[in-house]
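One structure is given below, encoded as structure tokens.
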Amino acid sequence: MSLLSRGPVRRSARLMTVSTMDVCITEPQFDTTPTFKRRISSVEKVGPDGYAIATSEAIIAPAPEEVCSPPVAKRQKRAAKAEEKGMAKDPDGLEHTETPTKPKRRKKEIVEPVYIIPEVEKKTTTYRGRLGYACLNTVMRNKKPASESVFCSRTCRIDSVKKNGIDFVKDLGRKNVQDLLTLIQWNEDNHIRFFRLSSEMFPFASHEKYGYSLDYCSDLLAQAGALANKYKHRLTTHPGQYTQLGSPKPNVVESSIRELAYHAEMLDLMGVGPDGVMIIHGGGVYGDKPTTLKRLKESIRNLPPNIFNRLVLENDEMCFNAEDLLPLCEELNVPLVFDYHHDNLFPSSIPPKEIIQRANAIWKKRGIRPKQHLSEQRPGAVTILERRAHSDRCENLPPDLPDDMDLMIEAKDKEQAVLHLHRMYGLQPVIQASLRPPNKNPTKQTQGRKSNKRAKAAKNSLDKQLEEADENPAGDFEEEPIVHGDEEDA
DNA sequence: CTGGGTCAAGGAGTT
DNA sequence: AACTCCTTGACCCAG
């Protein structure tokens, strides 16, 4: 099933593409509302496929003939539905066109926005490997109405687990995998064959108290894995920052191993091959890097084989750079994912080229296809915090990328960042309808927490005082308003 | 439907 | 010790 045929609301929609104009329009409904008539009126001619050709304003609509009279099959379908509801039929077997006794409740019309996609700068590369994105597809996630949204990170709070029971949580997981199937198909349709699975696929699955086995979902997982395998998609995972294999606290290491076991179980049940790796960072240094590295090494050495076989390490931007990890990786035969952005922020004394060579030697030895991470800092970023935040998209591929390596693009715009690179470098054909315009004014700030309790409280108290001052302009403030200099702007 | 506060987990840095 | 940040999206409740 392709994107173009998905979903009930879309049943009469056409996604149209004008390849020469780099503009994509979607037309939502075959309707005869004034809005729609206005749109059709700007269509100049009908193409050989029966679709309208865009005018210079790039307004596209289905052929007017079809608009005025939906295809017979569709009308019959509607008639059948109407009959179910006990409505009268016309002699031609089609639905009754007169207003039923009960006034029809009109569904609120959802008008697809019109996207103007700017041209991209054309660049060249010798790279022909796969580009991937992580966990979330912005186009599918933002589908309206909300019931149409496709995503794999439904979750809940512990309180909801207690309130609704474990089956409620398991249902979330099932829905997530169901949507994963849709996303894999979307990726295939859009020539993206590399994807990171969300760690939130099964909420609390690795939780000490509320954890559960994924067996209940094995059929669906196998189905998703089979689809990915059929299309030769690579699926990987990236357990989060709380995975601390080097922690001095035994219970923290235990929790980390549970987390890894959950990810491995998911990949195993999907039937994903050895390329389905689990990437983690070195973790904290606990004030003593050499000792922590020893603990890390021991933890990894003692992992059960099904976890060890999928485990790979990645250089981070704070604690362990590539140079710190390489000796451990080489000794234990644990592959290293090279992250360009992290290496930029926390460089090794070894040049990237050499790190990559040594890393690739491990990947090769293990018979796993290498992968690297690519991201860029946000434009205008200066401070270390700003520089750590990922930009919306990536504008450049590194030089000398080998073809037998998959490149994970870590960018805020997710799949759009991949499509952006596909277009710039001519790597893959792109479906225009899948494109979204870039944010014109990206901030240099992080995506992180913007609120601050004290600042908020201060603001509230200030607002209150201003309100009071409004009511009583002559009145004095009883207290000086607290103002915090570090409060971020909205 | 929207906005704001908050969330399972761990560690580092600041005050 | 208490708090904030890391990254991040989604929950959840109030309006």
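The figures that follow rest on heavy atoms only: side chains count, while hydrogens, waters and symmetry mates do not. Letters A, B, ... are given to chains in the order of the sequence lines, protein chains preceding strands, and every chain is numbered from 1.
Residue A/L421 holds its CG atom at 8.0 Å from CG of A/L407, rounded to the nearest 0.5 Å. Note that the CG atom of A/L269 and the OG atom of A/S213 stand 7.5 Å from one another [nearest 0.5 Å].
Looking at heavy-atom distances under 4.0 Å, A/Q241 makes contact with a base. Residue A/Y210 is out of contact with every strand shown, counting any heavy-atom pair closer than 4.0 Å. Across all strands, A/S198 comes closer than 4.0 Å to no nucleic acid atom at all (heavy-atom distances). Using a 4.0 Å heavy-atom cutoff across all strands shown, A/S153 reaches sugar-phosphate atoms only and no base atom.
Here the P atom of nucleotide B/dA9 and the CZ atom of A/F204 are 9 Å apart, to the nearest Å. As rounded to whole Å, 7 Å separates atom P of B/dA8 from atom CG of A/D159. For the pair A/F346 CZ and C/dC6 C1', the interatomic distance rounds to 16 Å; values are reported in whole Å. In this structure, A/H207 atom NE2 and B/dC7 atom P are separated by 14 Å, rounded to whole Å. The NE2-P distance, from A/H238 to C/dG9, rounds to 14 Å in whole Å. In this entry the distance linking NE2 of A/H281 with P of B/dG11 reads 15 Å, nearest Å. Here B/dA9 presents its C1' atom at 12 Å from CD of A/E200, a figure rounded to the nearest Å. Rounded to whole Å, the distance from NE2 on A/H342 to P on C/dC6 is 14 Å.
Nucleotide B/dA8 forms a pair with no other nucleotide shown, judged by Watson-Crick or G-U wobble geometry with both contacts under 3.5 Å. With a cut-off of 3.5 Å on both pairing distances, the Watson-Crick or G-U wobble partner of B/dG3 is C/dC13.
Distance from the side chain of A/V252 is smallest to B/dG10 among B/dG10, C/dC11, B/dA8. Considering only the side chain of A/Q244, B/dG11 comes nearest among C/dA10, B/dG11, C/dT7. Among C/dC11, B/dA12, B/dG11, the nucleotide with an atom closest to any side-chain atom of A/V285 is B/dA12.
Summary of the strand contacts: A/Y242 and A/K414 both lie near DNA chain C, and taking for each the nucleotide with the nearest heavy atom, the more 5' one is attributed to A/Y242. For the pair A/K163 and A/R141, nearest-nucleotide mapping onto DNA chain C gives the more 5' position to A/R141. Nearest-nucleotide assignment on DNA chain B puts the 5′-proximal partner with A/E259, out of A/E259 and A/S247.
A salt bridge between A/R154 and A/D179 is present, with a side-chain N of the basic residue lying under 4.0 Å from a carboxylate O of the acidic one. Contact check on A/R378 versus A/D392 returns a salt bridge, with a Lys/Arg side-chain nitrogen under 4.0 Å from an Asp/Glu carboxylate oxygen. A salt bridge links A/R301 with A/E298: the closest approach of a Lys/Arg side-chain nitrogen to an acidic carboxylate oxygen falls below 4.0 angstrom.
Scanning atom types as modelled, no donor and acceptor separated by under 3.5 angstrom connect the side chain of A/R388 and the base of C/dT7.
Between A/K249 and the phosphate of B/dG11, there is a side-chain N or O to OP1/OP2 separation shorter than 4.0 Å. In this model, the phosphate group of C/dT8 is approached by a side-chain N or O of A/H390 to a distance below 4.0 Å at OP1 or OP2.
Nucleotides B/dG3 and C/dT7 are separated by 24 Å at their P atoms, to the nearest Å. Only the C1' atoms considered, C/dA1 is 23 Å distant from B/dA8, to the nearest whole Å. Between the P atoms of C/dT8 and B/dC1, the separation comes to 28 Å (whole Å).
A donor-acceptor pair shorter than 3.5 Å can be found between the side chains of A/H263 and A/S199.
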